[in-house]
Amino acid sequence: MAPAAISEIKVGHIDDVQELKKSKTSQIPERFIRDRTERPNLDYSCTNIPVVDLSKLFQGSKDEFCSEILNLMTSCKEWGFFQVINHGIDLELLERIEKVAMEFFMMPLEEKQKYPMIPGTVQGYGQAFVFSEDQKLDWCNMFALGLEPHCVRNPKLWPTKPSDFCETVEIYSSEIRKLCKNLLKYIAITLSLNEDIFEEMFGVAVQAVRMNYYPACPRPDLVLGLSPHSDGSALTVLQQGKGSSIGLQILKDDKWIPVQPIPNALVINIGDTIEVLTNGRYKSVEHRAVTHKEKDRLSIVTFYAPSYEIELGPIPELVDDKNPCKYRRYNHGEYSKHYVTNKLQGKKTLEFAKINN
Ligand SMILES: COC(=O)C(/C=C/C1=C(C)CCCC1(C)C)=C/O[C@H]1C=C(C)C(=O)O1
Ligand SMILES: O=C(O)CCC(=O)C(=O)O
Ligand SMILES: [Fe+2]
């Protein structure tokens, strides 16, 4: 079915979850209450996902490099999610981005609503991926911006307050961009591919940032902070706010596993695009966020993806008799459009590319 034109989308009233919290009501509006089967398990005792030490790849001995490449390979293959330590990004910059993000979310609603996320779009302040009045809502406020290339930017959505917001986002994004390029280089090595293959294929990569703020919720057992989904990107870099509650959960072997934040580490996950390019050798992993009764949570998420212009499909070296082609070729701009015009629903969006054989 063709996606609805933006003007046709009727999403009804969307409560701002920070305002709900301020009103001190213990009553959760019906639109946030999940069906029984979707309600979260609130296990905050965490499992450790793999940790990749990037200093061993940047400047380790030959042995350290080889063993960390192996670690990266297993992390991508078995988990699709890992944390990177010693990534080289100034820790003060990580603190600064959290500070401006929190200052933004703490502004009065009227100020934030100067940058509205129009239903059917994904940039600005509000709730993304809401397409109907009967769709359940996430217990989350989001603020998202397209960053690179500049043609994906909407300058009207870049806030004037806090005054150092835009400058901090620019510096942060350029550091995260370098990290993504490096990670893709190492991921190519784990696949025995030319280390520049992704960089050369991607053109001017699309990059976007999304800040997610999950206020404490009086009934975390009834709601979800963020619906289950896989990311449409090639790679996603996720920074969990210092002092935030635990909230990210990943689906592994049909179980939701909470991710234990490591101070100063960044969480990396494989997106749908790498799943397609690697012909399913590395898979994007379904994940979601849950809320907490007393503590709020902040996450800052960067999506890194190929240029909208590029046509992609499984890399020929990764297709053979034992690994027949599982995905068709398509244009990444079309996939992006498909992704942002459908609600978050596990890995359903990737059906766009799957060959059913
Ligand atoms: C959960 O995923 C997203 O919110 C998301 C959105 C990204 C985007 C913006 C916030 C603004 C600019 C466009 C873009 C779609 C990149 C995920 O991004 C993924 C999904 C696709 C497809 C992609 O390329 O990145
Ligand atoms: O907040 C989180 O931990 C998850 C965020 C996320 O998955 C996303 O923004 O795509
Ligand atoms: Fe995500």
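Counting convention: from 1, in listed order, for ligands and their atoms alike. Below, each value reflects all heavy atoms present in this structure, side chains not excepted, and no hydrogens, waters or symmetry copies.
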Within the 6.0 Å centroid threshold, strictly below: F303 and Y339: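 Ring centres of Y339 and F303 not closer than 6.0 Å.
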F352/Y335 aromatic ring centres below 6.0 Å: yes
Under 2.8 Å from the Fe ion (ligand 3), the protein N, O or S atoms, given as residue and atom: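 Those protein N, O or S atoms (cut-off: under 2.8 Å from the Fe ion (ligand 3)) are H229 NE2, D231 OD1, H287 NE2.
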Counting heavy atoms only, which of [options] comes nearest to [atom]?
{"atom": "atom 5 (C) of ligand 2", "options": "N212, T236, T302", "result": "N212"}
{"atom": "atom 14 (C) of ligand 1", "options": "Y335, F303, Y308", "result": "Y308"}
{"atom": "atom 3 (C) of ligand 1", "options": "K337, E148, R210, H287", "result": "R210"}

Residue portion contacting ligand 1 (non-hydrogen atoms closer than 4.0 Å) for V209: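 Under 4.0 Å from ligand 1, V209 contributes no heavy atoms.
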Structural part of V152 in contact with ligand 1, heavy atom criterion under 4.0 angstrom: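 For V152, no heavy atom sits under 4.0 Å from ligand 1.
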Contact list for residues 84-102, test salt bridge (charged side-chain N to carboxylate O under 4.0 Å, His left out), sequence neighbours left out: E95-K242, K99-E103
Parallel, tilted or perpendicular: rings of F104 and Y125 (30°, 60°): perpendicular
Parallel, tilted or perpendicular, as decided by the 30° and 60° cut-offs, for the rings of F202 and Y304: tilted
Just need the protein heavy atom nearest to [atom], so name the residue and atom and give the distance.
{"atom": "atom 9 (O) of ligand 2", "result": "R210 NH2, 2.8 Å"}
{"atom": "atom 3 (O) of ligand 2", "result": "R297 NH2, 2.8 Å"}
{"atom": "atom 11 (C) of ligand 1", "result": "Q123 CG, 3.6 Å"}
{"atom": "atom 19 (C) of ligand 1", "result": "S233 N, 3.5 Å"}
{"atom": "atom 4 (C) of ligand 2", "result": "L238 CD1, 3.7 Å"}
{"atom": "atom 10 (O) of ligand 2", "result": "H229 NE2, 3.0 Å"}

Region of H287 engaging ligand 2 - heavy atom pairs below 4.0 Å: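 Side chain only.
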Side chain, backbone, both or neither: L226 near ligand 2, heavy atoms under 4.0 Å: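 Within the 4.0 Å criterion, L226 contacts ligand 2 through side-chain atoms alone.
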Worked check of side-chain hydrogen bond (donor to acceptor under 3.5 Å, both in side chains) between S132 and D134: CA-CA 6 Å; S132 72; D134 53 13; 2.7 Å; yes
Heteroatom distance test (H332, ligand 1): nitrogen or oxygen, under 3.5 angstrom: yes
Ligand 1 to D231 polar contact by distance, N or O atoms, under 3.5 Å: no
[X] heavy atoms, cut-off 4.0 Å: which ligand 2 atoms fall inside?
{"X": "D231", "value": "10 (O)"}
{"X": "Y214", "value": "1 (O), 2 (C), 4 (C), 5 (C)"}
{"X": "V301", "value": "5 (C), 9 (O)"}

